[in-house]
Engineer: 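Pasting a structure below so you can have a look.
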2 protein chains.
Amino acid sequence: MPLGDRAGDKSESRYCGVETEFDDDVPQLLLSNLSSAGFDFVVAPLMDPSYRPSLMQKENGGSAVLPFAGSDLILSPAQWSSHVVGKISSWIDLDSEDETLRIDSETTLKQEIAWASHLSLQACLLPAPKGTSYANYARCVHQILQGLNNMQLWLRIPLVKVDDDSTDVKSDHLVDSWDLWNSFRLLCEHHSQLSIAIDVLSTLPSPNALGRWFGESVRAAIFSTDCFLTNSRGYPCLSKRHQKLITGLFNHSIQVVLSGKPLHNVSKGSADLPSGAQSHPLRCYLDYIAFLYQRMDPLPEQERIELGYRDFLQAPLQPLMDNLESQTYETFEKDRVKYIQYQRAIVKALKDRVADENASSITTVLMVVGAGRGPLVRAALQAGEETGRKLKVYAVEKNPNAVVTLHSLVKMEGWERIVTIISCDMRYWDASEKADILVSELLGSFGDNELSPECLDGAQRFLKQDGISIPSSYTSFIQPITASKLYNDVKAHKDVSHFETAYVVKLHNVARLSPPQPVFTFTHPNWTPDGSNQRYKKLAFEIPNDTGAALVHGFAGYFDATLYGDVHLGIEPSTATPNMFSWFAIFFPLRTPICVRPGSPVEVHFWRCCSPHKVWYEWCVTSPSQSPLHNCNGRSYWVGL
Amino acid sequence: MPLGDRAGDKSESRYCGVETEFDDDVPQLLLSNLSSAGFDFVVAPLMDPSYRPSLMQKENGGSAVLPFAGSDLILSPAQWSSHVVGKISSWIDLDSEDETLRIDSETTLKQEIAWASHLSLQACLLPAPKGTSYANYARCVHQILQGLNNMQLWLRIPLVKVDDDSTDVKSDHLVDSWDLWNSFRLLCEHHSQLSIAIDVLSTLPSPNALGRWFGESVRAAIFSTDCFLTNSRGYPCLSKRHQKLITGLFNHSIQVVLSGKPLHNVSKGSADLPSGAQSHPLRCYLDYIAFLYQRMDPLPEQERIELGYRDFLQAPLQPLMDNLESQTYETFEKDRVKYIQYQRAIVKALKDRVADENASSITTVLMVVGAGRGPLVRAALQAGEETGRKLKVYAVEKNPNAVVTLHSLVKMEGWERIVTIISCDMRYWDASEKADILVSELLGSFGDNELSPECLDGAQRFLKQDGISIPSSYTSFIQPITASKLYNDVKAHKDVSHFETAYVVKLHNVARLSPPQPVFTFTHPNWTPDGSNQRYKKLAFEIPNDTGAALVHGFAGYFDATLYGDVHLGIEPSTATPNMFSWFAIFFPLRTPICVRPGSPVEVHFWRCCSPHKVWYEWCVTSPSQSPLHNCNGRSYWVGL
């Protein structure tokens, strides 16, 4: 029974699990924890905890049976896979000094995983590494991952981070469990089936330190009953910080698992039980979690539409080289906010250009370059109407298919006397007169990456010397991020060229490690003789002290554009235009993720390079460690002129 | 409105289209052909047929609009893509001697395809090549395919094949349109978005010649009204041979398109029209096609389950190296027919082994090697009961997870005194007594490909010298096939190793070009000293004379096993055990498909090779042309011992 019905949310975080003891009778275990208690799945040991391979008598002719909880037939295949997560025996210690224990642990781990695979379970929970040595544990898990079916392995990691400035940290004490996870997953080569179950404790690390985990592959969060406080009526509740964490978990599709003995004696309270049913000892905790789930705001409409795009890598559009399709225009034209901003900018420009007293005598020549199917033409005409300025509009468009729509739009709206359609690439059009205002929307997620600079350099030939370009400037931004899913998706292609490509992506399961910084700026019109569009920028990002160490998988890129005066439009997170959906962020991956600690800035270099037929970016990291130069000569990724 | 509701059939062949003239008013075109007439889509010209680029005046400043049928906005994106297939102007001739016509044709083709892509149409119909020269046509289509979105291009091909023995064939006359298609697609490098719309004429080629097309990527079949006959009541109908063809089309997910002028005057007949509605001129033809569709038998249950597997390449199981999962056992255990055959074989063996008069005194030792979760143990015990023979059964199984189920089965059924479970690999078990009957089911789709020979060679140590093996022998078979979809799916991996791998596959859209022939046979027990399991076979396949030429993309493989006496079990098509579903066929691809003509046999070589740790196949073709040796040293595909 899911936690609740949150409009638009179809993620796994609706389901809540419970950690149980070993029980031979799995059907009964499901009955008491799911059907009558309301949990959706159990995290249950698969094997008798007293089992040790070295104590088993070799019975006659090898016919010994392993002490699993029942046979595969006691549940249907669908029940096994939907309702049971296998909990690997917590006594195992693959790095023990005691050789018998170590070998018993290896054998048991492999037998339990084999059994769980046989049952087609969706996941197994691996116990947290014991102590500071876990090389043999990681080696065995790595071995297992090589031949595993689709099952996920959730490595249990306690959510611990002791602040660096606390003095008496003992050497064998866990300082930051993120380091433990990072070492383990590096040994396992970032395997995509190795993920995390965080153990939430009563004390939480700082928000920055917590934030790192949202860029990692956390699948479950185990809440022990002792992280709960008691409210005035004796019921369990969570601290504000724990509540904030749990909302974050829900929003990142992470499932909650309850664990431990009941510490609040409120079993009488649950009113909606069938008469005679025994209340589950953790029922009041589950009710509280469900309350927190149901209390969340419904997912906004736009977020729902974009659900399927979350963390999904897309190749950026190449609207200059390729023609957009009708459906692409259709989608972008729906972005009302964008066209309102353009209309506001044009209104201000028209008023600055033509004083009120000249409104009826002066006609402003406005050219929309890259008119597409006409939305900016409409915005311009509406601005003209709003200001009472007279307009002559040229709509220049290179895509002959969009020109068909433009013609039918002009006819339908009766704009024939104001609007002239030019079916031509703006870079080569031989205009018969010059423009007062040049309006364009040629921006990509990274600002200049769809070659707005090159197009507008070509188009400004027919802009008057004192003419206005809307946008008047734009700037790209980057910031380092943890993004293990994106990294694994790029890695799955098994070649260098995908690591040297930028992707458009709706960033979701990522950790933003340091605020974005500006990279390249372009200003229009640009009358400087021989103004080059090549750029080079070196940036240094500091990770906040309380974050702890983190892994940088690459850089998120954004843009902000000044349309005119104080009217801007952009996706840089701190200033992003609300409710605009035409652009997702861009992602520049790193071939090898780089581990960064506070105090060692991430030094990154970005180049924008141009040749007669293409434009491309190159990038590299030089601190805290050296990366290769990415995309040398645009060998993997470029934008065609 | 689909042709009808055939239980279980969700394929595209439910939808029927109609070829129309150019109409500026596409919404009206849809209204008159779909909503009120019952067709599901139109195949309609997108551009005014009188348009010639060379005749267009260059209008002022390049603002000319192409004469497309309306703008993209006249239909919704969903309507364009579901209900309109673009028909490319049929006047185009890209290989004309007339240079103006040739250049006009190139320009128009590219403009129309660009427009169709802009609209996100699912497909465009390309006119059939004119004459015998079509290199420039193919070159332009190849160019277009390089940058195409998901749209399919249906090349129109008339279904013509003149028998070779007809004497007065003129040189410029189309002899076999398959050759035309084959040349065109070879020029286009087998591109997966280039497919076929066959033009069905009143005369049909031979059944063998028709059969070739089911292995090619035919998406539509255009029936002109002049292929219809007239029945006694004046209604259109098709000849028996045309009816058989159309059933084949339906079964291969090929859509029917009606075309031409009405030749039967029965417009008054349609009773179910809303009053006042004008009957569509082709309505009686559509009704007849719908009648043929609805007349088909519903899809059998097993076919429905297997729909999702049709022509889907799977890696063969490696049950010796890997352990099967619970769900895999579950699936295979449902194959009742297979276990009935085993039971019949065991019954015969028991009767031959123990005479009726000794039934109560002699106990037969029967060993099931590879017992899995126990279905063959059950079959053996039922055979014992049926014959009244006394049994002692050993169930030998190497997968410790399946042994868990075996134990619980034996306990549940009360078989403890008859059945002994041995948790061990049969190759290494140290048996305490010898068996009268050794029962196994270790067969793959290609018989020996799951290493039954090696396993049984190891197991016969504990079979009495006069003991019986069930199965007693098995033989693999191959036959050459046309399978363009499978070929393209293998090719999509862009490496050699996928072309050197055998795949398990539910063959569907394939053409079987020549009857299967036996490849390798294994007999058990095999007491010959040092009997090797290496094999080599050379086979020659003849394509029937009336087939014409065909392309061989690889070989379909099957097996047939003799269980005991006359009880057999297998998937070789001519003798396949009915209603058995444990095995699909196997497919051995060729790196380069080979074109074969009647009279030139396909000479193929197959090797079964063994090393201490693996077994693999190598294969090659030496006639009518030479292929490379595939899978040398098992470098790409092997089965682990």
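Below, chains carry the letters A, B, ... as their sequence lines are ordered, and counting in each starts from 1.
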Engineer: If you count heavy-atom pairs under 4.5 Å between each of B/V404, B/D322, B/L73, B/D430 and chain A, which one has the most?
Structural biologist: B/V404

Engineer: Among the options B/A402, B/S408, B/S326, B/S71, pick out the one with the most heavy-atom pairs lying under 4.5 Å from chain A.
Structural biologist: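 Result: the option with the highest number of such pairs is B/S326.
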
Engineer: Identify which part of B/Q327 has an atom lying under 4.5 Å from any heavy atom of chain A, answering side chain, backbone, both or neither.
Structural biologist: both

Engineer: Is a side-chain donor or acceptor of A/Q193 paired with a backbone partner of A/M151 at a separation under 3.5 angstrom?
Structural biologist: yes

Engineer: Looking only at heavy atoms, what is the nearest atom pair of B/S89 and B/E112, with distance?
Structural biologist: OG-OE2, 2.6 Å

Engineer: Check the pair A/N399 / A/Y329 against side-chain hydrogen bond (donor to acceptor under 3.5 Å, both in side chains), numbers first and verdict last.
Structural biologist: CA-CA 12 Å; A/N399 176 356; A/Y329 287 115; 3.1 Å; yes

Engineer: With a 6.0 Å cut-off (strictly less than), is the heavy-atom count around CZ of B/F22, excluding the residue itself, greater than 12?
Structural biologist: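 Above 12, so yes.
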
Engineer: Has B/K411 got more than 12 heavy atoms of other residues, nucleotides or ligands less than 6.0 Å from its NZ?
Structural biologist: no

Engineer: Using a cut-off of under 4.5 Å for heavy-atom pairs, which of B/N149, B/N323, B/L119 has the most such pairs with chain A?
Structural biologist: B/N149

Engineer: Can you tell which part of A/L324 gets under 4.5 Å to a heavy atom of chain B, answering side chain, backbone, both or neither?
Structural biologist: backbone

